[in-house]
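Since this is a predicted model, take the numbers as computed values, not measurements. Reminder, nothing fancy here: chain letters follow the sequence lines and each chain counts from 1.
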There are 4 protein chains.
Amino acid sequence: MINKAILVGNVGRDPEIRYFDNDQAVANFSLATTERSFKTRDGQEIPERTEWHNIVAWRGLAKLAENYIKKGTQLYIEGKIKTRSYDDANGVKKYATEIVADVIQLLGRKSDNDGSSTYPSQSGGQPASTSSAPRPPESNKVQNGPDKQPDFLSDDNGPEDDLPF
Amino acid sequence: MINKAILVGNVGRDPEIRYFDNDQAVANFSLATTERSFKTRDGQEIPERTEWHNIVAWRGLAKLAENYIKKGTQLYIEGKIKTRSYDDANGVKKYATEIVADVIQLLGRKSDNDGSSTYPSQSGGQPASTSSAPRPPESNKVQNGPDKQPDFLSDDNGPEDDLPF
Amino acid sequence: MINKAILVGNVGRDPEIRYFDNDQAVANFSLATTERSFKTRDGQEIPERTEWHNIVAWRGLAKLAENYIKKGTQLYIEGKIKTRSYDDANGVKKYATEIVADVIQLLGRKSDNDGSSTYPSQSGGQPASTSSAPRPPESNKVQNGPDKQPDFLSDDNGPEDDLPF
Amino acid sequence: MINKAILVGNVGRDPEIRYFDNDQAVANFSLATTERSFKTRDGQEIPERTEWHNIVAWRGLAKLAENYIKKGTQLYIEGKIKTRSYDDANGVKKYATEIVADVIQLLGRKSDNDGSSTYPSQSGGQPASTSSAPRPPESNKVQNGPDKQPDFLSDDNGPEDDLPF
DNA sequence: TTTT
DNA sequence: TTTT
């Protein structure tokens, strides 16, 4: 049924990208969502609290992460909440919950996302894409150069480029 | 950038389905989201208020609507908010805001939605899918019989079956 | 920043309710979101997959859970994703991710959720509310009887009835 | 039931703020969500398309708009979709759909939102707040100076400061 | 026009 | 552990 996470936050560290034999890519990174501190009505001080989310991005979103996401980047992420179990080094069963990204949108000005001067300062427009509309061809995606930043990408590549999971 | 509506409500009237020459289908129906009445702290009675949303569903979602959605059906809908202008019969320019559905999920028990054998097996409902997961082949979709109700459907059919809009 | 989960699924087991000295309540239960099985284009069968979410509901939402949520109930839940760490019986540090509910909406027909007279009239459910609209006075809430089911509730009780967390 | 819009986009013009006799404020502004252009698989070029949303923000969110939102500001907005009817100058009945904001989050770097040099460049943190958690006292909100930017605000002020609508 |  |  419906399993959706919607996050806006900042990336904690540069993404780790792995490639598989079948040329598929996956990116892992963490995203912080921070709640501001505040006082309750009775004067109690509630401190700021940061929640860290483990983000997993496959296929085109992994390439987006590789090219445009780094420590500190502000992102909108939409994805599915998934918990997987694994045995740690001591054979203890553990659980890890991850957000498997369906949509990633880079936020802030172009200058926030790339410090280079290759982004024409007069460009200004806000390109965008949608998760369900007809998808641009893969060839279009990977050709995206720095002057045509894919600041939004959805993960609807279909089965043909499916993955080892 | 991000343009998303998330609605849970009840269908006001049976959907209207139209077919185009290229075999594409579109369904239109209205969805009510009702806020309950309540009293403010100073005792003021705020009456119940119903908001009516114009829903547009294309392709497989139109067929889902045709086969499984009727007056009173409770739905979860995810879509995009779009406003279009048109000239009415008197040539006055008017605006209409619609929710173009990306995901429709039938809610409630099966007995609420169906339970009867009145759904023709050739009706061609489509199987559940998620917006980003690999999509089942079209051939699989049309083989879906009435005993395997597609209570969730997303609209990610891709460009090849795109539409006159 | 933004940390939001949106779920539609079925409750796995009757909620567990705990009361604290200060009369506050918390409910814990699990919610299943099931993705249907499907075939990829190359014929691979992807089996059905169920994700289990640990739901935590405080205050009025805990009472809603106590009175109206049971094994099998279909729910819409909106909440925050929170991960907490704890040491298990063997002193091993573990992590648990939970959805702390902000909004719970009972889905399906009334007959799915109730219809019976088994809900104690003194149970004190709370009326529907929205997270941002003016909130009904507390006195109104506790007068709610069983014949006026609060099928929607949001958790915006404010600081004065805050909690040991 | 559930009526939620989630938008990320850019403000089209400086907000208009109006104050009422009872000291309440409302802000109106438009927000653009732009879909990128793309090519369909059969080579058809789908042009970029911008959707304009009419945003209405009450109370504290109106003050946030007054102080921190201007033409070009990038925002995350969560709200309710509401359609109201009115008679235009010619007595023709018209409809206008608006997004009544519940949550507004300023996006991008601090320097994006305020060009002044009063924001210490070393500050860097991203304060935040949540829609359902206990709310900071009003006095805290209105004292927010430029060095403590309220880049996130939710509209849960309660009935006592309710409004002429 | 739905639903509660 | 739910539901379909």
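Ranking dT1(E), dT3(E), dT1(F) by closeness to the R13(B) side chain, first place goes to dT1(E). For T34(B), the listed nucleotide lying nearest its side chain is dT2(E); candidates were dT2(E), dT2(F), dT1(F). Candidate nucleotides dT1(F), dT1(E), dT3(E) were compared by shortest atom distance to the side chain of W52(C), and dT1(F) ranks first.
Annotation: the span from I104(B) atom CD1 to E78(B) atom CD amounts to 11.0 Å, rounded to 0.5 Å.
Summarising the geometry, the separation between CD on E16(B) and P on dT1(E) is reported as 14 Å, rounded to the nearest angstrom. If you take CG of L107(C) and P of dT3(F), they are 14 Å apart, rounded to a whole angstrom. Between M1(D) atom CE and dT2(E) atom P there is a gap of 15 Å when expressed in whole angstrom units. If you measure from atom CD of Q105(C) to atom C1' of dT4(E), you get 10 Å, rounded to the nearest angstrom. Taking atom CG on N28(C) and atom C1' on dT1(F), their separation rounds to 14 Å, with Å as the unit. What separates CZ of F29(B) from P of dT2(E) is a distance of 15 Å, to the nearest Å. If you take CD1 of I99(C) and P of dT2(F), they are 20 Å apart, rounded to a whole angstrom. We find that CD of Q74(C) is positioned 8 Å from P of dT4(F), with the value rounded to whole Å.
At the heavy-atom level, T33(C) lies nowhere under 4.0 Å from the strands shown. Within the nucleic acid shown, G72(C) comes within 4.0 Å of sugar-phosphate atoms alone, with no base atom in reach, counting heavy atoms only.
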Would you be so kind as to tabulate the donor-acceptor pairs closer than 3.5 Å made by side chains of residues 7-19 of chain C, with sequence neighbours excluded?
unit_1 : atom_1 : unit_2 : atom_2 : d
D14(C) : OD1    : K71(C) : N      : 2.7
Y19(C) : OH     : E66(C) : OE1    : 2.7

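Aromatic ring pairs are classed by plane angle as parallel below 30°, tilted from 30° to 60° and perpendicular above 60°; the pair Y76(C) and Y76(B) is tilted.
Looking at R84(A), K82(A), K80(A) one by one, the single match for side chain to side chain donor-acceptor pair (under 3.5 Å) with E98(A) turns out to be R84(A).
Applying the side chain to side chain donor-acceptor pair (under 3.5 Å) test to S30(C) and every residue at least two apart in sequence or in another chain returns nothing.
Each of H53(B) and E48(B) was matched to the nucleotide of DNA chain E holding its nearest heavy atom; the match closer to the 5' end belongs to H53(B).
K71(B) has no side-chain polar atom (N or O) that falls below the 4.0 Å cut-off from OP1 or OP2 of dT1(E).
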